Each structure stands twice: as structure tokens, then as C-alpha cells.
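Comments concern the structure below.
Note that ligands are numbered from 1 as they come in the structure, with each ligand's atoms numbered from 1 the same way. Predicted, not measured: the structure shown is a model, and the values here were computed from it.
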Amino acid sequence: MNNSTILVTGGAGYIGSHTCIELLNANYTVLVIDNLDNSSEESLKRVEKITGKAVSFIKGDVRDKALMDRIFSENTIAATIHFAGLKAVGESCAMPLEYYDNNVNSTLVLCQAMEKANSKNLVFSSSATVYGDPEILPLTEDMPLSATNPYGRSKLIIEEMLRDLPESDKLKNSTNPWSVALLRYFNPVGAHESGTIGEDPSDIPNNLMPFITQTAVGRRKELSIFGSDYDTVDGTGVRDYIHVVDLARGHLKAVQKLLSKDSINGVQAYNLGTGNGISVLQMVKAFAEVNRVDVPYKLVDRRPGDVAACYADATRAKEELDWEAVMSLEDMVKDSWNWQSQNPEGY
Ligand code: NAD
Ligand code: UD1
């Protein structure tokens with residue numbers, strides 16, 4: 001029986017709520033802090049219903065130093081998963097300071113509280129965006145990193161900040177050094193098989209899958225496919241879509257690694273993707289065929305800043321975390337639609 005407590009920041013959000021399910025099913029005690037800026041407490045109620053287990057919830061901001069110190073002094077936290085942050089690329093170009101404040105500052109305050117409490121196991125939500133405009137595919141973790149927008153730069157700054165922590169341990173001869181997993185997600189889609197939790201963007205979706213599901217359910221007139229003249233299988237952009245439940249299981253594996261005898265020594269980055277590139281047209285066709293639903297679309301100009309193709313080499317996660325994506329494209333489109341059709345207006 002395992003009842004170590006895992007602190008999950010941003011746990012009411014899309015990936016966080018799915019991860020809470022995996023942690024609870026593995027018998028961890030789950031403590032969530034979320035300011036609910038981009039989510040609803042309802043997601044956690046549904047997590048409790050799905051698992052039959054309780055989630056402790058604190059409504060608060062990770063940048064609140066006093067609150068974070070209190071959380072770490074009142075609880076013995078075995079590991080922390082840090083999802084909390086802002087994630088819209090376009091918005092980050094318009095409001096860079098908010099992005100640096102929320103993403104970088106929250107991580108700074110969190111790590112200060114962790115260090116003070118000597119609780120130094122961290123899983124961080126990074127992104128494939130840290131590879132910038134990739135020259136070689138598939139992407140391995142040691143390929144060059146760069147940022148093309150403030151959101152991506154915030155992730156890169158955080159990765160670099162976290163890399164400084166084990167160095168300080170060495171200088172201090174720390175007997176309890178930092179163990180940090182940087183999880184670089186590719187394109188998360190899908191939802192829990194129950195269809196009761198899923199992605200619920202508060203605005204017009206920027207990402208492909210929520211735009212497809214909202215078009216299919218009638219909230220949007222048609223999908224615009226950005227670019228049909230890329231050097232890809234059918235001219236449309238290629239990405240590595242990963243089912244959110246596979247992604248959530250990757251977090252469970254990372255936590256288990258951090259808490260094992262064979263823990264991460266310092267900081268290690270892991271790509272979480274399937275390794276398969278899927279084009280926009282392939283995704284739209286799979287969605288329409290599997291769900292027998294129409295997705296009207298038109299081909300339009302490329303979206304500025306987009307790359308032709310991006311997919312992962314996830315060998316390191318397989319070798320070191322004993323994790324690999326197992327869910328199919330069919331699971332992704334079926335579960336995305338199951339969630340959206342049962343919850344046409346989201347939570
Ligand atoms: P989400 O918006 O659904 O979840 C983030 C949660 O954090 C929300 O519930 C929000 O209310 C909360 N939050 C934000 N700032 C906070 C703060 N300062 N204090 C407390 N709570 C705060 O997003 P998601 O898709 O679940 O993404 C989770 C993480 O994964 C983010 O860090 C994101 O950058 C990263 N990521 C997401 C994707 C993706 O496509 N969804 C891809 C790569 C990386
Ligand atoms: C976006 C973010 C990236 C983030 C990733 C995962 C940008 C520039 N990048 O990547 O930082 O890590 O999400 O969440 O926003 N598409 C359409 N029509 C649409 C929406 C998308 O054709 O309405 C196409 C895009 O051109 C792309 C593919 O679908 O080829 C995937 O787009 P999207 O879901 O936005 O993800 P990324 O651009 O890969």
C-alpha cells in the first residue's frame with residue numbers, strides 16, 4: 001500500500017486532472033493547488049467520481065510564497081508535479097510579462113518552498129516547443145533548444161533554472177539532492193474514456209483537436225486548415241499527437257522513478273510522444289470516419305510561426321522510465337469526441 005503524498009500544481013486543468021486519476025489509481029494521496037484561472041473545480045469532483053477516491057484541493061496561486069511554505073510545512077510531500085502555468089502561444093506574444101510572471105515566477109516560488117522543506121523531487125511540464133524550429137526529425141532530447149515566442153522562452157528559462165539546482169547541491173555537498181524530470185510533451189489530445197473529463201478551452205481554441213471537436217458539435221462553422229503546401233505526406237502540417245491518458249501515465253512513471261532507488265541524479269529531460277507523425281488531413285479524416293460525424297473544413301494559408309513537421313524520438317522515456325505511448329489514433333479521436341459530445345459546452 002502506497003500512500004505517499006504527491007503535490008499537483010494546476011491539477012484541475014486538462015493534463016493535471018488526467019494525471020490525478022493515474023496517481024489515485026496507483027494509491028498515491030493527491031494534493032492539488034490551482035487558482036482555477038483556466039479550469040473548474042468540477043474537473044476534480046469528476047476525478048473523485050471516476051476513481052472513488054478523495055482529492056485534497058487548495059484554491060490558491062503557486063506564486064503565493066506564504067501559501068506554498070504553509071503547504072510544505074503542513075504536509076510531507078514525496079514529489080511535486082508542476083503543471084500550473086499559462087500555455088497559449090499567441091497570448092504570450094501579446095502579454096509576455098504575464099507569461100514570465102506566471103510560468104517562471106511560479107516555478108521559482110515553488111522551488112524555494114521545496115528547498116526550504118527539503119522536498120526536492122520535481123516533475124516539470126515542459127513542451128516540445130523548446131526545440132524551436134527543428135532541423136532534424138525525429139527529435140531526441142539532446143537536440144539544440146531555442147524559443148520562437150515568449151511561451152516557449154518561459155519553458156526554456158525554467159528548464160535552465162532547474163538545471164542550476166543540482167549544481168548548487170554539489171557545492172553544498174547536499175545529502176538530499178534535487179531530482180528533476182523535465183517532461184517535454186508533444187501534442188496532447190483525447191480524454192478519459194468515461195468522457196466526463198477533457199480539454200475545455202475557455203476561448204476560441206488555438207489547437208487543432210478542440211477546434212475539430214467544437215466544429216463537429218456545431219459550435220464552430222468550419223475548421224481552417226492552416227497550409228496545404230508543406231513538404232509533407234499531403235501538404236498539411238505533421239505533428240506527434242499523444243493521448244492525454246498516455247501522457248498522464250508518463251507522469252506516474254516519472255514520479256515512480258523519482259521515488260525509486262534508481263532515481264534521477266540531477267535533471268533529466270524526456271520526450272513524451274508516440275514517435276508517429278500525423279497530418280492535419282489524416283487527423284480530420286480519422287475523426288470523421290471513426291466517429292461518423294462531419295467536420296467541414298477549408299484549406300487556408302499557413303499560420304505564421306508553424307513548422308511543417310514535428311515528432312518525437314521517445315526512446316529515452318522507454319529505457320529510463322519504462323514508459324511508452326500505447327493508445328492509437330482511433331482512441332484519440334474517439335475519446336476526444338466522447339468528451340465533447342457529452343459536454344458540448346465543456347464543464
Ligand atoms: P490547463 O490550462 O488546462 O492547466 C493549467 C492549470 O494551471 C489550470 O487549471 C490553471 O487554472 C492553473 N494555473 C495557472 N496558473 C496558475 C498559478 N499561478 N497558480 C495556480 N494555478 C495556476 O493546461 P494543460 O493543457 O493541462 O497544461 C498543463 C501544463 O502543461 C502547462 O504548464 C502547459 O504549458 C504544459 N503543456 C501543455 C501542452 C498542451 O498542449 N496542453 C503542451 C505542452 C506543455
Ligand atoms: C502548439 C503550440 C506549441 C505547443 C503545442 C502543444 C503554436 C505555434 N505552438 O503547437 O507551443 O507546445 O501547441 O499544445 O501555437 N491547425 C490547423 N487549424 C487549426 C489549428 C491547428 O490547421 O485551427 C494545424 C496547425 O497548423 C498544425 C497542427 O494543426 O499543423 C497542430 O496545431 P496545434 O494544435 O495548434 O499545435 P502546434 O502548432 O503543434
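Residue contact check for ligand 1: Ala128 places no non-hydrogen atom closer than 4.0 Å to it. The closest approach between Ser43 and ligand 1 stays at or above 4.0 Å for every heavy atom of the residue. Contact between Thr9 and ligand 1 is absent, with no heavy atom of the residue lying under 4.0 Å from the ligand. The shortest separation from a heavy atom of Ala128 to ligand 2 is not under 4.0 Å, leaving the residue out of contact.
With atom 28 (C) of ligand 1 as the reference point, the heavy atom nearest to it among Tyr151, Phe186, Phe83 is part of Phe83. The heavy atom nearest to atom 35 (O) of ligand 2, out of those in Met209, Arg303, Gln214, is found in Arg303. Considering each of Ala88, Pro188, Gly85, Gly10, the one bringing a non-hydrogen atom nearest atom 14 (C) of ligand 1 is Gly85. Of all the listed residues (Ile15, Leu67, Thr107), Ile15 holds the heavy atom that lies closest to atom 37 (C) of ligand 1. The nearest non-hydrogen atom to atom 27 (C) of ligand 2, considering only Arg239, Glu222, Arg302, comes from Arg239.
Less than 4.0 angstrom separates some heavy atom of Ser126 from each of these atoms of ligand 1: 43 (C), 44 (C). Close approach of ligand 1 to Asn102 (heavy-atom distance below 4.0 Å) involves ligand atoms 15 (N), 16 (C), 17 (C), 18 (N). Those atoms of ligand 1 that come under 4.0 Å of a heavy atom in Asp37, given as number and element, are 11 (O). Of all atoms in ligand 1, numbered sequentially from 1 with element shown, those under 4.0 Å from a heavy atom of Ser125 are 29 (C), 30 (O), 32 (O), 35 (C). Heavy-atom proximity to Val280, at under 4.0 Å, picks out these atoms of ligand 2: 22 (O), 24 (C), 28 (C), 29 (O), 30 (O). For ligand 2 and Tyr151, the ligand atoms under 4.0 Å from any heavy atom of the residue are 11 (O). Of all the atoms in ligand 2, the ones that sit under 4.0 Å from a non-hydrogen atom of Val89 are 2 (C), 7 (C), 9 (N), 11 (O), 15 (O). Close contacts of ligand 2 with Asn187, meaning ligand atoms under 4.0 Å from a residue heavy atom, involve 36 (O), 37 (P), 39 (O). Atoms of ligand 1 lying under 4.0 Å from any heavy atom of Leu36, numbered from 1 in the order shown and given with element: 11 (O).
At a 4.0 Å heavy-atom cut-off, ligand 1 touches Lys155 through the side chain alone. Only the side chain of Leu223 comes within contact range of ligand 2, with a heavy atom under 4.0 Å; no backbone atom does.
By the 4.5 Å heavy-atom criterion applied to side chains, Tyr347 and Lys45 are not counted as neighbours. Between Pro188 and Ile15, some side-chain heavy-atom pair lies under the 4.5 Å cut-off.
Residue contacts with ligand 2: Pro188 is placed with no nitrogen or oxygen under 3.5 Å of a nitrogen or oxygen of the ligand (distance criterion only). Considering backbone and side-chain atoms together, Lys87 places an N or O closer than 3.5 Å to an N or O of ligand 1. By the 3.5 Å distance cut-off applied to N or O atoms, Phe226 is counted among the residues near ligand 2.
Among all non-hydrogen protein atoms, the one lying nearest atom 8 (C) of ligand 2 is Asp306 OD1, 3.9 Å. Nearest non-hydrogen protein atom to atom 30 (O) of ligand 1 is Tyr185 CE1, 3.3 Å.
Remark: Thr175 OG1 to Asp169 CG distance equals 9.5 Å, nearest 0.5 Å.
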